[in-house]
Amino acid sequence: MTITTPHLGSPAGAWTDAQLLYALEEVVEKELNRHLQVAKDWMPHEYVPWSDGRNFPGLFDDGEAWEKEQSKVTEIGRIALVVNLLTEDNLPSYHHEIASLFGRDGAWGTWVHRWTAEEGRHGIVMRDYLLTSRAVDPDKLEEFRMSHMSEGFESDNRHSMLHSVAYVAFQELATRVSHRNTGHQSGDPVCDRMLARIATDENLHMVFYRNLLKAAFELAPDLTMMAVRDVIVNFRMPGHGMPGFERAAAQMAIGEIYNMRIHHDDVLQPVLRFLKIMEIDGLGPEGRKAQEELGLFMGGLDSEASKFDEKLAARKARMAARADA
C-alpha cells in the first residue's frame with residue numbers, strides 16, 4: 001500500500017485509521033525497542049509479605065474472619081487500593097479493545113501483547129498483597145470484582161485510533177499518579193514499595209504512548225489536535241463503571257490521591273508541555289479551533305482546581321480546629 005503523506009495543515013479527513021496505523025508502525029517499532037531496553041522484569045511474589053498471611057474461613061478449620069483492625073493500611077489507602085485493583089482487573093477487556101484497534105500483527109501486535117503481559121503483573125501483586133496483609137474484606141473484594149468484570153469495559157474512544165492513543169497517553173500517567181499517591185497515603189512501607197514498582201511500569205507505558213502521540217502530530221496535526229481536545233474535555237478514568245466509584249473518587253479527591261488539582265498539574269500539564277501543544281503551528285481551521293478550545297478548557301480547569309484547593313484547605317483547617325479543641 002502506498003501512502004501519500006499529507007502536508008501540515010492538510011484537511012482533517014486526509015487520514016484514515018488504517019493509514020495512520022501503517023504510517024506509525026515504524027515509530028511503534030522504535031518505541032517498542034526502546035521500551036524493551038529500559039523496562040526491567042520483576043517478580044510479583046517478591047513484593048508480597050507472605051509470612052503475614054493466614055487462612056480465611058472456608059475450607060480450613062483454622063480460618064480467621066477478616067476485621068479492619070488486622071491491617072495497618074489507612075482507610076483512604078484501603079479505598080484507593082480497591083479502586084486501583086478493580087481498574088487493573090478489567091485487563092481482558094482492555095486487551096480486547098486495543099487488540100481490535102491496533103491489530104495483532106507486526107510491531108503494533110507485539111506491543112499489545114507485551115503491554116498486556118506487563119499490566120497483568122499489577123493485578124496479581126495487588127490482589128496477593130491485599131489478601132495476605134488483610135487490608136480489605138476478601139468477600140466484598142470478590143463481589144466487587146465479579147460485578148465490575150461482568151459489566152465489561154468499552155472505551156469512550158474506540159471509534160478512533162488517534163483518540164485512543166491520546167487517551168492512553170494521559171490515562172497511563174493518571175494511573176501512575178494514583179498508584180504512587182496511594183502508596184504514600186497507605187501507611188504501610190511494603191504497600192508503598194509495591195505501588196512504586198507498579199507506577200514505574202505505568203510511567204514507561206505513558207512514555208510509549210506520549211512519544212507515539214508526538215509522532216502523530218507530525219503526520220496529522222489537525223486530527224491529532226482534535227483528538228487531544230476531545231479526550232481532555234471528556235476524560236474519564238477506566239474504572240468509572242465500578243460499584244461505588246463516585247463515592248470512592250470523592251474520598252480519593254479529599255484524601256489527595258487523585259483530584260482536580262492533581263489531574264491538571266500532574267497528569268495533563270506534563271504531557272501537554274512535552275508536546276508543546278500550544279506552540280504547534282501550521283494547523284488548518286479545525287486544528288486551530290481545537291487548539292484554542294483546549295487552551296480555554298485548561299484555563300477553566302485550573303480555575304476549578306483552585307476553588308477545590310480552597311475548599312480542601314478550609315476543610316483541613318476545620319478538622320485541625322476540632323482536633324485542638
Side-chain angles (χ1 to χ4, degrees), residues 9 11-15 17 20 83 87 90 94 97-98 101 153-178 202 205-206 208-242 245-246 248-250 252-253 257-309 311:
W15 289 97
D17 274 4
L20 281 167
V83 169
T87 299
N90 252 341
Y94 306 150
E97 290 279 327
I98 65 171
L101 193 64
F153 172 80
E154 288 189 352
S155 169
D156 295 334
N157 303 289
R158 61 189 179 279
H159 63 286
S160 159
M161 173 267 192
L162 278 179
H163 282 73
S164 297
V165 170
Y167 175 75
V168 289
F170 295 103
Q171 180 266 320
E172 292 283 5
L173 183 52
T175 305
R176 173 199 178 275
V177 168
S178 181
E202 302 289 9
H205 297 164
M206 178 276 293
F208 177 93
Y209 287 117
R210 182 198 66 185
N211 292 352
L212 194 56
L213 191 59
K214 182 179 180 181
F217 265 112
E218 296 172 1
L219 288 172
D222 285 340
L223 278 177
T224 308
M225 186 67 74
M226 292 159 65
V228 170
R229 173 203 58 196
D230 294 345
V231 162
I232 287 180
V233 169
N234 301 298
F235 187 87
R236 297 195 296 174
M237 290 293 276
H240 60 80
M242 69 180 58
F245 178 77
E246 288 77 12
M252 289 168 67
I257 287 176
Y258 202 95
N259 55 39
M260 256 191 292
R261 173 53 63 200
I262 292 170
H263 183 62
H264 178 277
D265 290 0
D266 299 339
V267 176
L268 300 183
Q269 286 285 30
V271 177
L272 295 178
R273 279 197 302 268
F274 174 84
L275 296 170
K276 298 181 179 178
I277 204 159
M278 300 311 294
E279 301 172 26
I280 294 174
D281 56 14
L283 297 166
E286 292 179 341
R288 286 195 300 271
K289 181 173 181 286
Q291 188 180 46
E292 291 167 4
E293 290 175 348
L294 181 58
L296 289 171
F297 179 83
M298 290 299 294
L301 182 62
D302 187 37
S303 296
E304 290 298 313
S306 294
K307 293 176 185 176
F308 174 83
D309 291 342
K311 291 179 181 178

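Values below: every heavy atom of this structure, side chains too, minus hydrogens, waters and symmetry copies. Quick caveat: nothing in here was measured; it's all calculated off a predicted structure.
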Spacing of [atom1] belonging to [X] relative to [atom2] belonging to [Y], to within rounding of 0.5 Å:
X: K311; Y: N259; atom1: NZ; atom2: CG; result: 12.5 Å
X: D17; Y: L162; atom1: CG; atom2: CG; result: 7.0 Å
X: H264; Y: Q269; atom1: NE2; atom2: CD; result: 4.0 Å
X: I232; Y: L294; atom1: CD1; atom2: CG; result: 4.5 Å
X: F297; Y: L268; atom1: CZ; atom2: CG; result: 7.5 Å
X: T175; Y: L173; atom1: OG1; atom2: CG; result: 8.5 Å

Yes or no on side-chain contact (heavy atoms from CB on, under 4.5 Å) for F208 and V168, after CA distance, side-chain angles and deciding distance? CA-CA 10 Å; F208 177 93; V168 289; over 6 Å; no
Distance-only, no hydrogens or angles: does the [X] side chain make a donor-acceptor pair with backbone N or O of [Y] under 3.5 Å?
X: D222; Y: E286; value: no
X: E172; Y: Y209; value: no
X: T87; Y: V83; value: yes

Residues at least two apart in sequence or cross-chain that pass side-chain contact (heavy atoms from CB on, under 4.5 Å) with S306, listed by chain then number, are R261, D302
Partners meeting salt bridge (Lys or Arg N to Asp or Glu O under 4.0 Å) with [X] (sequence neighbours left out):
X: D266; value: none
X: R236; value: D156
X: K307; value: E304
X: E293; value: R229, K289

So which atom in [X] and which in [Y] form the shortest heavy-atom distance, rounded to 0.1 Å?
X: L213; Y: A169; result: CD2-CB, 4.2 Å
X: N234; Y: D230; result: ND2-O, 2.9 Å
X: A253; Y: F308; result: O-CZ, 3.6 Å
X: V267; Y: A174; result: CG2-CA, 3.7 Å

**From CA spacing to verdict: side-chain contact (heavy atoms from CB on, under 4.5 Å), T224, V165** = CA-CA 9 Å; T224 308; V165 170; over 6 Å; no
**Prompt:** What residue pairs, at least two apart or across chains, pass ring-ring contact (aromatic ring centres under 6.0 Å, His included) with a residue in residues 156-177?
**Reply:**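 Sorted pair list: H159-H163, Y167-F235.
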Exercise. With a 4.5 Å limit on heavy-atom distance, are the side chains of I277 and M225 in contact?
Worked result: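 Contact flag for I277/M225 side chains = yes.
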Full working for side-chain contact (heavy atoms from CB on, under 4.5 Å) between S178 and M252: CA-CA 9 Å; S178 181; M252 289 168 67; 3.8 Å; yes
